[in-house]
Amino acid sequence: MAKKNKSWEHRLAGSPDELAMNFVESLSYDKRLYKYDIVGSIAHSAMLADVGLITKKEADQIKKGLLEVAEEIEAGKFRFDIVYEDIHMAIEAALTAKIGDAGKKLHTGRSRNDQVATDMRLWMRDEIASLQGKIANLQKAFVALAEKYTDDVMPAYTHLQRAQPVTIASYLLSFVEMLARDHCRLSNCSAIMNVSPLGCGAVAGSTLPLDRNNTAKRLGFDGIMNNSLDGMSDRDFCAEFIFDCSLIATHLSRLAEDFIIFSTNEFDFIRVADKYCTSSSMMPQKRNPDMLELIRGKSAGVIGCLTAMLTMLKGQPSTYNRDMQEDKLHVFRSADTVSASLEMAAAIVSNMEFKAEKIAAGMDNGFLDATALAEYLVSKGMPFRQGHGIVGAAVAACEKAGKKLADLSIEEFKKFSNVIDKDVYSYLGAAGIIKKYATEGAGGVKQAKKQITFWKKKLAKI
Ligand code: ARG
């Protein structure tokens with residue numbers, strides 16, 4: 001490794017230690033910020049010219065030089081040398097090598113502290129928009145699948161025990177709702193984060209007449225951070241972003257878990273497309289849902305990032321400490337994992353099939369109509385708690401006799417309660433119940449259709 005001294009390190013004696021250099025560098029992972037670093041520097045130098053700290057000509061030279069650096073990086077021609085520690089110094093050094101003295105003026109009134117905080121916010125704004133696009137794609141995939149199954153029943157489970165019949169569509173639409181909250185949470189994160197730390201400097205701002213609103217406006221921020229100590233060191237937005245990613249990962253993990261269970265021989269509710277399964281090296285019959293297992297498995301890493309981020313922050317004394325460099329590892333890992341999992345989940349959902357007939361045929365087991373029967377008794381004027389007891393007794397009797405509730409004759413029903421009449425049969429059996437649900441948001445046919453109409457309209461705009 002070349003032993004170069006950084007031009008600004010006159011304070012330190014000797015040449016850099018290779019072990020320390022490898023330890024301290026962040027260039028290997030913060031180079032992905034290059035575009036935002038360059039955009040931020042162009043805005044900063046334009047502002048310096050506006051307030052008269054550099055000439056317009058120097059600002060133009062800086063801009064031209066930075067754009068050339070950007071082109072070199074994009075073309076893969078830029079040499080990233082970790083002697084410069086991070087992307088900020090690597091770009092500044094390359095600029096100065098290109099344009100000479102004007103390059104040395106770029107860092108006027110700026111520190112890497114406010115620079116990196118600015119870069120991260122700019123990067124995150126774009127990343128959030130990209131993640132939101134992927135969330136919307138997954139929502140669209142769920143709505144399209146739900147549309148195929150608005151009249152088909154499946155059991156809804158609580159405690160993983162059969163609970164009540166719902167439409168398959170209602171089940172699928174439940175994920176659309178979760179994802180809508182994820183989308184909204186990211187919008188909140190973006191709104192809170194979109195203020196400029198640029199001009200906060202190393203910690204105390206600057207004695208130079210910098211115009212912070214000028215750079216904020218140029219970079220599309222909604223305003224500036226009010227306090228330089230807070231502004232350059234705030235990493236709340238990173239923690240919040242990783243939390244949002246963790247919750248998305250958690251939602252994806254739960255849906256993966258459902259689909260893994262549903263695709264077992266024991267359930268056999270769904271078929272995950274072959275291309276999203278793998279086989280076993282030993283057992284020729286296997287179709288393993290590895291992609292779903294990895295969605296579930298990868299969520300652990302994202303949650304780990306959240307723990308790492310908060311732990312990294314909690315022990316630090318006020319303002320910037322080098323610990324903060326590690327924020328990027330956790331933020332990038334969370335974003336990359338969630339981005340990949342969202343894409344994979346959308347592909348799986350788009351190519352998935354429910355075995356609706358088979359599910360319907362198995363709906364008679366488990367007394368899924370018991371609650372509907374108790375509610376039928378309520379409609380006849382009976383207190384719910386009494387109806388609950390009567391149905392409990394009827395279920396126990398049926399269980400003993402190996403029957404389902406719909407098998408009971410009116411005479412048999414009358415033994416449990418004489419308010420029961422012939423109209424009881426429309427409350428029994430899953431297919432009938434999903435048409436009978438009356439409350440808004442219930443798991444029935446009408447409600448599913450209404451939700452599909454709502455989401456189709458809403459998602460068409462995204
Ligand atoms: N690479 C550093 C980071 O990501 C940039 C800021 C360095 N600041 C400093 N005072 N050493 O945090």
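In each ligand, atom 1 is the first atom listed, and ligand 1 is the first ligand listed. Side chains are part of it too, since the values below use all heavy atoms of this structure and drop only hydrogens, waters and symmetry mates. This structure is a prediction, so every number in the text was calculated from the model and none was measured.
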In terms of the angle between their ring planes, are Phe259 and Phe262 parallel, tilted or perpendicular, with boundaries placed at 30° and 60°? tilted
In this structure, atom 4 (O) of ligand 1 is nearest to the protein heavy atom Lys328 NZ, 2.7 Å
Judged by atom type as modelled, is there a donor-acceptor pair below 3.5 Å linking the side chain of Glu92 to the main-chain atoms of Leu95? no
Can any side-chain N or O of Ser228 pair as donor or acceptor with the backbone N or O of Val203 at less than 3.5 Å? yes
Distance under 4.0 Å to a non-hydrogen atom of Arg322: what atoms of ligand 1 satisfy this? 11 (N)
Numbered atoms and elements of ligand 1 in range of Asp86, under 4.0 angstrom, heavy atoms: 1 (N), 2 (C), 5 (C)
What is the nearest protein non-hydrogen atom to atom 7 (C) of ligand 1, stated with its residue, atom name and distance? Tyr320 OH, 3.4 Å
Element-labelled atoms of ligand 1 that are located less than 4.0 Å from some non-hydrogen atom of Val116: 4 (O)
Closest protein heavy atom to atom 8 (N) of ligand 1, given as residue, atom name and distance to 0.1 Å: Asn113 OD1, 2.9 Å
So, the side chain of Asp114 versus the backbone of Met232: is there a donor-acceptor pair under 3.5 Å, distance only? no
Among non-hydrogen protein atoms, atom 2 (C) of ligand 1 lies closest to Gln325 OE1, 3.2 Å
Please check if the distance between the ring centroids of Phe142 and Trp455 is under 6.0 Å. no
Part of Gln115 with heavy atoms under 4.0 Å of ligand 1, whether side chain, backbone, both or neither: neither
Less than 4.0 Å between a side-chain N and a carboxylate O, is that true for Lys449 and Asp151? yes
Does the ring centre of Tyr157 sit less than 6.0 Å away from the ring centre of Phe267? yes
Can you check whether Ser26 has an N/O within less than 3.5 Å of an N/O in ligand 1? yes
